[in-house]
Each structure stands twice: as C-alpha cells, then as structure tokens.
Amino acid sequence: QVQLVESGGGLVQAGESLRLSCAASGVNFRMYVMAWFRQAAGKEREFVSAITPRNRSHAGDAVKGRFTISRDSAKNTIYLQMNSLKPEDTAVYYCAAKWDDGNYYYITAQHRYTSWGQGTQVTVSS
C-alpha cells in the first residue's frame, strides 16, 4: 500500500521561503511520477508541479520561476522548494503519485494520480 507523508508546512511572511517534503513508502519510487497539488479554502484543488522518474519537471503557471520540485530516489522523497512566497500561495499542499506510463499529456490532471498524502498547511501572511 502506497503511503505519502508530507511535512514542512508552516506560517511565513510574504517574500520568504519554505521547503516541503513528501516521503513515499510501499511503492517502487523509481517507477512513479510524483506531484504537488494545493487547495486554498473555498477553491478547487490545483496542480502545482510534477516530476518524472527521469527528473523531467513541469510547473503550473502560478508558481513558475518561484517553486522548484526535486526528487531523491535514495530517500524515496520529493521536495518542493518555494521561494518568494505570496499570500495567494496559502493553501493545503498535497503530495500525489501515479505510475509512470510514459504519457505526460495528463501530468497536471489530478484524477490521474492514484495515491495522495494527507496534506500540509502553508500560510503566507502579507
């Protein structure tokens, strides 16, 4: 059974940085696409960033140039380095995983991801 555990959330001020982690277990990590999604209060969950087993990354327009996703296969962990945070980045951030079928057309589609973490809250004050 796949388990994803996020950590690293917290309260920061606008302009500051934060790094989220997601530790995976029960999965052949090297065979999975890993991603971050977020959901702000009263809004739908949205794609943040994803990374393939070969370290190809994709970022949503709202975070391009500010957020960087990375993965450490030795630790079965992915990270989300968030710089220049804005109040609109406030949300619950979720880690997600899906089997790598080599088709990245739907890499941003949350319904394609089969495993999810419990989420970690990020709050950015102005």
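All of these numbers come straight from a predicted model, not from anything done at the bench.
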Chemist: Going by side chain to side chain contact (heavy atoms under 4.5 Å, CB included), Ser49 matches just one of Ile69, Thr108, Thr68. Which one?
Modeler: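 Per the side chain to side chain contact (heavy atoms under 4.5 Å, CB included) rule, the option paired with Ser49 is Ile69, out of Ile69, Thr108, Thr68.
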
Chemist: By side-chain contact (heavy atoms from CB on, under 4.5 Å), which residues pair with Ala97, not counting sequence neighbours?
Modeler: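 Per chain and number, Ala97 pairs via side-chain contact (heavy atoms from CB on, under 4.5 Å) with Leu4, Tyr32, Met34, Ser115.
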
Chemist: Answer yes when Lys86 and Asp89 have at least one side-chain N-carboxylate O distance shorter than 4.0 Å, and no when they do not.
Modeler: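 Answer for the salt bridge query: no.
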
Chemist: Taking the six-membered ring of Phe29, is the NZ or CZ of Arg71 close enough (under 6.0 Å from the centre) and on axis enough (within 45°)?
Modeler: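 Positive - Arg71 is close enough to the ring of Phe29 and near enough to its axis.
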
Chemist: How long is the span from the CZ atom in Arg66 to the OG atom in Ser84, to the nearest 0.5 Å?
Modeler: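 Reported to 0.5 Å precision, the distance equals 7.0 Å.
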
Chemist: Please determine whether side chain to side chain contact (heavy atoms under 4.5 Å, CB included) holds for the pair Asp100 and Lys98, giving the CA-CA distance in whole Å, both sets of side-chain angles, and the decisive distance to 0.1 Å.
Modeler: CA-CA 6 Å; Asp100 183 16; Lys98 74 180 189 76; 5.8 Å; no

Chemist: So, Arg19 side chain and Leu80 main chain: donor-acceptor pair closer than 3.5 Å or not?
Modeler: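 Flag not set: sc Arg19 to bb Leu80 has no pair under 3.5 Å.
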
Chemist: Out of curiosity, does Val63 fall in the hydrophobic cluster containing Leu85 (side-chain heavy atoms, cut-off under 4.5 Å, transitive links)?
Modeler: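 Yes, Leu85 and Val63 fall within the same hydrophobic cluster.
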
Chemist: I'd like to know if the side chain of Arg45 reaches the main chain of Val92, judged simply by a donor and an acceptor atom lying under 3.5 Å from each other, with no hydrogens or angles considered.
Modeler: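 Pair absent, no side-chain N/O of Arg45 close to backbone of Val92.
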
Chemist: Show, in sequence, the C-alpha distance, side-chain angles and deciding distance for Trp99 and Met31, and conclude whether the side chain to side chain contact (heavy atoms under 4.5 Å, CB included) test is met.
Modeler: CA-CA 6 Å; Trp99 179 263; Met31 300 300 293; 3.6 Å; yes

Chemist: Same cluster for Leu18 and Tyr79 if Ile/Leu/Val/Met/Phe/Trp/Tyr side chains link at under 4.5 Å?
Modeler: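 Shared cluster, no.
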
Chemist: Answer yes or no: is there a donor N or O on one side and an acceptor on the other, between the side chain of Gln81 and the main chain of Phe67, under 3.5 Å?
Modeler: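 No, the answer is negative, given that no donor and acceptor are paired below the 3.5 Å cut-off.
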
Chemist: State plainly whether one hydrophobic cluster holds both Tyr93 and Trp116, where clusters connect Ile, Leu, Val, Met, Phe, Trp and Tyr through side-chain heavy atoms under 4.5 angstrom apart.
Modeler: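 No; Trp116 is not reachable from Tyr93 via cluster members.
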
Chemist: Do Trp36 and Phe47 have their ring centres less than 6.0 Å from each other?
Modeler: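 Ring centres of Phe47 and Trp36 not closer than 6.0 Å.
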
Chemist: Both conditions, 6.0 Å and 45 degrees, for the charged tip of Arg38 above the ring of Tyr94: are they met here?
Modeler: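 Here Arg38 fails the 6.0 Å and 45° test against Tyr94.
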
Chemist: Going by atom types alone, do Thr90 and Glu88 pair a side-chain donor with an acceptor below 3.5 Å?
Modeler: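 Glu88 and Thr90 do not have a side-chain donor-acceptor pair below 3.5 Å.
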
Chemist: For residues Ala109 and Phe37, report the shortest heavy-atom separation together with the two atoms involved.
Modeler: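 Ala109 and Phe37 have their closest heavy atoms at C-CZ, 4.3 Å.
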
Chemist: Does some side-chain heavy atom of Thr120 sit less than 4.5 Å from a side-chain heavy atom of Leu20?
Modeler: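 The answer is yes, as the side chains (C-beta and beyond) meet within the 4.5 Å cut-off.
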
Chemist: Using 0.5 Å steps for rounding, measure from the CD atom of Gln121 to the CD atom of Gln39.
Modeler: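 That separation rounds to 11.0 Å.
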
Chemist: According to a hydrophobic-cluster definition based on side-chain heavy atoms being under 4.5 Å apart (Ile, Leu, Val, Met, Phe, Trp, Tyr only), do Ile78 and Val27 belong together?
Modeler: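 Linked, Ile78 and Val27 end up in one cluster.
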
Chemist: Testing the basics here: between Asn103 and Asp101, what is the closest heavy-atom pair and its distance to 0.1 Å?
Modeler: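 Here Asn103 and Asp101 meet closest at N-OD1, 2.9 Å.
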
Chemist: Side chain to side chain contact (heavy atoms under 4.5 Å, CB included), that's the test. Do Val33 and Ile107 meet it? Break it down for me.
Modeler: CA-CA 8 Å; Val33 174; Ile107 200 170; 4.0 Å; yes

Chemist: Between Ala50 and Ala35, which heavy-atom pair has the shortest distance, and what is it?
Modeler: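 So the two residues come closest at CB-CB, 3.8 Å.
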
Chemist: Is a donor on one side and an acceptor on the other found under 3.5 Å between the side chain of Glu6 and the backbone of Gly119?
Modeler: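 Such a contact is found between Glu6 side chain and Gly119 backbone.
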
Chemist: Would you please say whether a donor-acceptor pair under 3.5 Å links the side chains of Asp72 and Thr77?
Modeler: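 Judged by distance alone, the side chains do not pair up.
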
Chemist: Has the side chain of Tyr104 got a donor or acceptor atom that lies under 3.5 Å from a matching backbone atom of Arg56?
Modeler: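 Such a contact is absent between Tyr104 side chain and Arg56 backbone.
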
